[in-house]
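Working notes, structure below.
Only a predicted model underlies this, so the values are computations on that prediction, with no experimental measurement involved. Counting convention: from 1, in listed order, for ligands and their atoms alike. Along the sequence shown, the residues carry numbers beginning at 1.
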Amino acid sequence: MNKIAMITGATSGIGLATVKRFAKLNFDLIITGRRQDRLTKLQDELLNDGVNVKTLCFDIRKTDAIENAIDQLDNNWKNIDILINNAGLAAGADPIYNGLWSDWEQMIDTNIKGLLYLSKLIIPQMMERKTGHIVNVSSIAGKETYANGNVYCATKHAVEAITKGMRIDLLPYNIKVSSVSPGMVETEFSIVRYHGDKDKADKVYEGLTPLYADDIADAIEYMVTRPPHVNINDLLIMPSAQASAVYNHRD
Ligand code: NDP
Ligand code: 8X3
């Protein structure tokens, strides 16, 4: 039987790149996101390549929507072996005194609460079967705080704490818990952060070579393909042109 992997935020960026890598590893895939059109397109491509794939379209901030989606999984799909908690975003880049409540709520509800809600629903079957691997997508923003990053950094610091807490609580159940913490990755991340302002988003990557989504997918593939006795707790991955959250070298 193939392993089953669920990847959140599969419609773009790191999630999408991870789906493509996992497809080559012969995993059966549950792909999630809010954009059904993108999920369907990806599903068609994967089915064409002979990959078993199921789409679950839900907003990870909504407990009812997540519960309904997970309830849809029949016996062939409910025993998820690998959960990649990737869905997330930064909304806005403002000093704390100018931040929008709506941006703060979106980040906290998605990056922290969404990750928790979904994990809570997936973990019990892993505990019962005494097997599983959860990979949380954190960030350099989970380790450092930078100007105008305040609430986004707080959400990723929370992901770091949740990852460590999960690892301790799930230790007796043979469930691995890992995180991957990227620096700058060129995806739709900055377009979303700047509320659709593509010019502003492009400037983030100007004059340097950022990471690409597949660089992070490569690291996630490495984590989930280690032997059973090895867990990669965390991988901090930066572009060569980025030394910390704030030090970059641009041509
Ligand atoms: P993208 O914007 O390209 O992808 C984000 C994904 O998250 C999309 O598939 C989106 O799907 C999904 N998502 C966002 N909000 C929700 C929601 N409410 N419900 C369900 N799904 C949601 O960005 P990245 O690929 O870069 O981001 C992926 C993860 O990587 C995030 O957690 C981000 O914080 C983290 N990260 C990114 C870095 C970067 O520089 N790019 C660096 C470090 C970490 P849809 O819109 O269809 O719902
Ligand atoms: C994304 C990386 O440095 O833009 O998590 O916050 S950063």
Original post:
Are any of the side-chain heavy atoms of P210 and L208 separated by less than 4.5 Å?
Top reply: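 They are in side-chain contact.
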Original post:
With side chains defined as the heavy atoms from C-beta onward, is the minimum distance between L56 and Q72 less than 4.5 Å?
Top reply: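 Yes, close enough: below the 4.5 Å cut-off.
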Could you tell me whether [X] and [Y] have a side-chain N and a carboxylate O separated by less than 4.0 Å?
X: E160; Y: K156; result: no
X: D81; Y: R129; result: yes
X: D74; Y: K54; result: no
X: K198; Y: D202; result: yes
X: E188; Y: R35; result: yes
X: D59; Y: R61; result: yes
X: R21; Y: D218; result: yes

Check whether any N or O atom of [X], backbone or side chain, sits under 3.5 Å from an N or O atom of ligand 1, and answer yes or no.
X: V192; value: no
X: Y205; value: no
X: M184; value: no
X: T187; value: yes
X: G9; value: yes
X: R35; value: yes

Atom indices of ligand 1, in the order listed, that fall short of 4.0 Å to a heavy atom of [X]:
X: G13; answer: 3 (O), 25 (O)
X: R61; answer: 18 (N)
X: S138; answer: 43 (C), 44 (C)
X: G183; answer: 40 (O), 42 (C), 43 (C)
X: E188; answer: 2 (O), 3 (O)
X: D59; answer: 17 (C), 18 (N), 19 (N)

Which residue and heavy atom of the protein sit nearest [atom], plus the separation:
atom: atom 14 (C) of ligand 1; answer: R34 NH2, 3.5 Å
atom: atom 1 (P) of ligand 1; answer: S12 OG, 3.5 Å
atom: atom 37 (C) of ligand 1; answer: F189 CD1, 3.9 Å
atom: atom 36 (N) of ligand 1; answer: Y152 OH, 3.9 Å
atom: atom 21 (N) of ligand 1; answer: A87 CB, 3.7 Å
atom: atom 19 (N) of ligand 1; answer: I60 N, 2.9 Å
atom: atom 47 (O) of ligand 1; answer: T11 OG1, 2.8 Å
atom: atom 25 (O) of ligand 1; answer: I14 N, 2.9 Å

Original post:
Got a donor-acceptor contact below 3.5 angstrom from the R167 side chain to the K176 backbone?
Top reply: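 Flag not set: sc R167 to bb K176 has no pair under 3.5 Å.
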Subject >> Side chain S178, main chain V135, donor-acceptor under 3.5 Å >> reply: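 Pair absent, no side-chain N/O of S178 close to backbone of V135.
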Original post:
Given the rule in the salt bridge (charged side-chain N to carboxylate O under 4.0 Å, His left out) test, do K164 and D234 qualify, once you have shown the distances and angles that lead to the verdict?
Top reply: CA-CA 10 Å; K164 289 176 191 159; D234 181 37; over 6 Å; no
**OP:** Record the part of Y212 in heavy-atom contact with ligand 1 below 4.0 Å; permitted values are side chain, backbone, both and neither.
**Re:**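 It is neither; nothing of Y212 touches ligand 1.
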Original post:
Contact residues of ligand 2 with a heavy-atom cut-off of under 4.0 Å?
Top reply: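 Ligand 2 pocket, heavy atoms under 4.0 Å: S139, I140, A141, Y146, Y152, F189, R193.
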Tell me whether ligand 1 is touched by [X] - counting only heavy atoms on the residue side and a distance under 4.0 Å.
X: K156; value: yes
X: S190; value: no
X: P210; value: no

Original post:
With a distance cut-off below 6.0 Å to the six-membered ring centre and an angular limit of 45° from the axis, does R193 pair with Y152 as a cation-pi contact?
Top reply: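 Yes.
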Could you pull out, from [options], the option with a heavy atom nearest to [atom]?
atom: atom 28 (C) of ligand 1; options: N86, T18, L115; result: N86
atom: atom 35 (C) of ligand 1; options: I216, I140, V137; result: V137
atom: atom 40 (O) of ligand 1; options: T155, V185, V204, D37; result: V185

Original post:
Which pair of heavy atoms, one from T8 and one from T32, lies closest together, and at what distance?
Top reply: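 Heavy-atom minimum between the residues: CA-OG1, 3.1 Å.
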